[in-house]
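In what follows, a structure is listed as structure tokens, so that the remarks can point back to it.
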Amino acid sequence: MRVKVLVLPGDGIGPEVVAPAVDVLQRTAALFDHRLEIVEGLIGGRAVETQGRALPVETLQAAHEADAVLLGAVGTPELAEAPAHQRPEQALLELRRSLRLHANLRPILPRRELLDVSPLKRDRLEGVDLLIVRELTSGIYYGRPRAIHEDEDGARAIDTMAYQHGEIARVTRLACEIARSRRGRVTSVDKANVLDCSRLWRRVVNEVAADFPDVVVEHRLIDAAAYELVAHPSRFDVVLAPNLFGDILSDQCGALVGSLGLLPSASLGAGKGRRRFGLFEPVHGSAPDLVGTGRANPIATIDSVALLFELGLGLAEEATSIRRAIEHALAEGPLTPELAGDGPTATTEELGTRVLERLTAPSPLGHGG
């Protein structure tokens, strides 16, 4: 297979965690006899420094020409109050919207070798294997009007939450399709007792669910869901959520696995068969305080490469090889500081190298894509 991947290291620890992930991407492609072309682009604060915009036109064009995008992280404190076209977070929102990446998938699977790293007790983590499906290109992050007004009564801010029937229906359909290949249960999260957007959300979810009689679809208010995800996480299979709620819940689930540095994600658009165009990135942010310390955990970014192969390119065996290498590297240790506890620690580069060394070639009876 010929594969063209746009790599966007981004800000903060982005370049540090992307470097080992790119090594894994290249090694996997070589082991499975794929022809890989990597193009690197600018986004976020680094793009502002040289291009004056957080999302340069060249980066957006390169994204549209690629088969997949691998992103590190965006965000710099210095640009928090900058104009919209210079704010890294706005660049990410614009990229998602332009590429029509309407669904974000965030798998939450505590690793047996790291159960003691989680602040939750082991018995709460047994059997936990859930997937958050987050609507990604609508809701309050994109609604208009939005502004901060200054008048004689002081500052007043406005953000608008808006959803259309079709936006809810397409992400619900994807969640139900995925649930069919898992345990057959979708938990839809909303705030239907307060918000009109949530009442429409619940209505559309029920309409789409009627097409999936083999899938159990239930509803939870966001506050109840947040509680249950900590108290009884094993009860969940696929969690379907609007943009804002999905963003918050998926970060909360970092506590289940023990670190945001372990959570990959896939932002997906349209596709045919097993392939969907997507942007693949770790759930964590740019973590400016970790830059240059060697303490950043590269596993979430490397695991995002596994999602790139599996969901972006439809290559399951390649994804399995990467995940197997990650498991071996984590089981053997040492680990990055937030996982190591009182034990010996590894740097970002050392842990990435260990994963790379444990990648194995496909068996002679396997396929090469």
Side-chain angles (χ1 to χ4, degrees), residues 93 96-109 129-143 160-226 228-229 232-250 252-253 265-279 307 310-312 314:
L93 294 180
R96 290 169 177 168
R97 171 64 70 86
S98 178
L99 296 175
R100 299 182 180 180
L101 305 176
H102 63 268
N104 179 255
L105 274 58
R106 298 187 172 186
I108 313 296
L109 179 63
D129 178 3
L130 65 95
L131 176 71
I132 294 180
V133 178
R134 167 189 170 194
E135 196 287 320
L136 200 60
T137 53
S138 191
I140 200 166
Y141 289 176
Y142 291 92
T160 302
M161 179 183 289
Y163 268 109
Q164 294 182 349
H165 183 286
E167 294 168 336
I168 303 169
R170 66 187 176 188
V171 72
T172 301
R173 189 165 298 278
L174 176 62
C176 290
E177 290 171 351
I178 293 172
R180 276 179 165 169
S181 63
R182 291 172 55 90
R183 302 198 303 276
R185 179 177 294 273
V186 172
T187 303
S188 176
V189 176
D190 59 41
K191 192 64 175 173
N193 59 336
V194 175
L195 302 175
D196 282 337
C197 269
S198 284
R199 282 188 276 275
L200 176 63
W201 179 278
R202 186 172 290 204
R203 188 178 86 194
V204 176
V205 168
N206 285 334
E207 290 175 4
V208 174
D211 295 333
F212 296 85
D214 52 331
V215 175
V216 176
V217 177
E218 59 186 5
H219 301 276
R220 289 286 188 281
L221 297 177
I222 176 62
D223 40 359
E228 289 185 36
L229 275 169
H232 308 290
S234 63
R235 294 180 181 177
F236 293 92
D237 181 16
V238 175
V239 177
L240 170 63
N243 207 341
L244 174 62
F245 297 161
D247 191 2
I248 295 169
L249 290 180
S250 56
Q252 177 187 344
C253 286
S265 80
S267 301
L268 303 178
K272 295 181 179 180
R274 294 181 301 166
R275 297 185 62 171
R276 284 178 178 266
F277 179 82
L279 182 150
L307 289 177
E310 179 185 18
L311 301 178

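All residue numbers refer to positions in the sequence shown, counting from 1. All values below were derived from every heavy atom in this structure, side-chain atoms included, with hydrogens, water molecules and symmetry-related copies excluded.
Remark: side-chain polar atoms of Q252 are paired, donor with acceptor, to backbone N or O of A226 under 3.5 angstrom. No side-chain donor-acceptor contact under 3.5 Å links R220 to the backbone of V239. Proximity of a side-chain donor or acceptor of E207 to a complementary backbone N or O of A209 within less than 3.5 Å is not detected. Judged by distance alone, the side chain of S138 and the main-chain N or O of A162 form a donor-acceptor pair under 3.5 Å. Looking only at distances, a side-chain donor or acceptor of S198 sits under 3.5 Å from a matching main-chain atom of K191.
Closest of all the heavy-atom pairs between Y142 and L136 is CE1-O, 3.2 Å. When all heavy atoms are compared, the tightest approach of F236 to L130 is O-CB, 3.8 Å. Of all heavy-atom pairs between V171 and H102, the closest is CG2-O, 4.4 Å. The shortest heavy-atom contact between L93 and Y141 is CD1-O, 3.9 Å. The heavy-atom pair separating R170 from T137 by the smallest distance is NH2-OG1, 3.4 Å. The shortest heavy-atom contact between S188 and V205 is OG-CG2, 3.7 Å.
In this structure, the side chains of W201 and V189 stay at 4.5 Å or more apart for every pair of heavy atoms. Contact annotation: the side chain of R134 approaches that of N243 to within less than 4.5 Å [non-hydrogen atoms, C-beta and beyond]. D129 places a side-chain heavy atom less than 4.5 Å from the side chain of R183. V208 has its side chain within reach of R173: a pair of non-hydrogen atoms, C-beta onward, lies under 4.5 Å apart.
Summarising the geometry, atom CD belonging to E135 is positioned 3.5 Å from atom OH belonging to Y163; distances are rounded to the nearest 0.5 Å.
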Under the side chain to side chain contact (heavy atoms under 4.5 Å, CB included) criterion, do L249 and R106 qualify, and how do the steps go? CA-CA 10 Å; L249 290 180; R106 298 187 172 186; over 6 Å; no
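By the neighbour-count criterion of 12 heavy atoms within 6.0 Å, atom CZ of R100 is sparsely surrounded, having that number or fewer from other residues, nucleotides or ligands.
Among residues two or more places apart in sequence or in another chain, the side chain to side chain contact (heavy atoms under 4.5 Å, CB included) test is passed with L221 by D190, N193, R202, D223.
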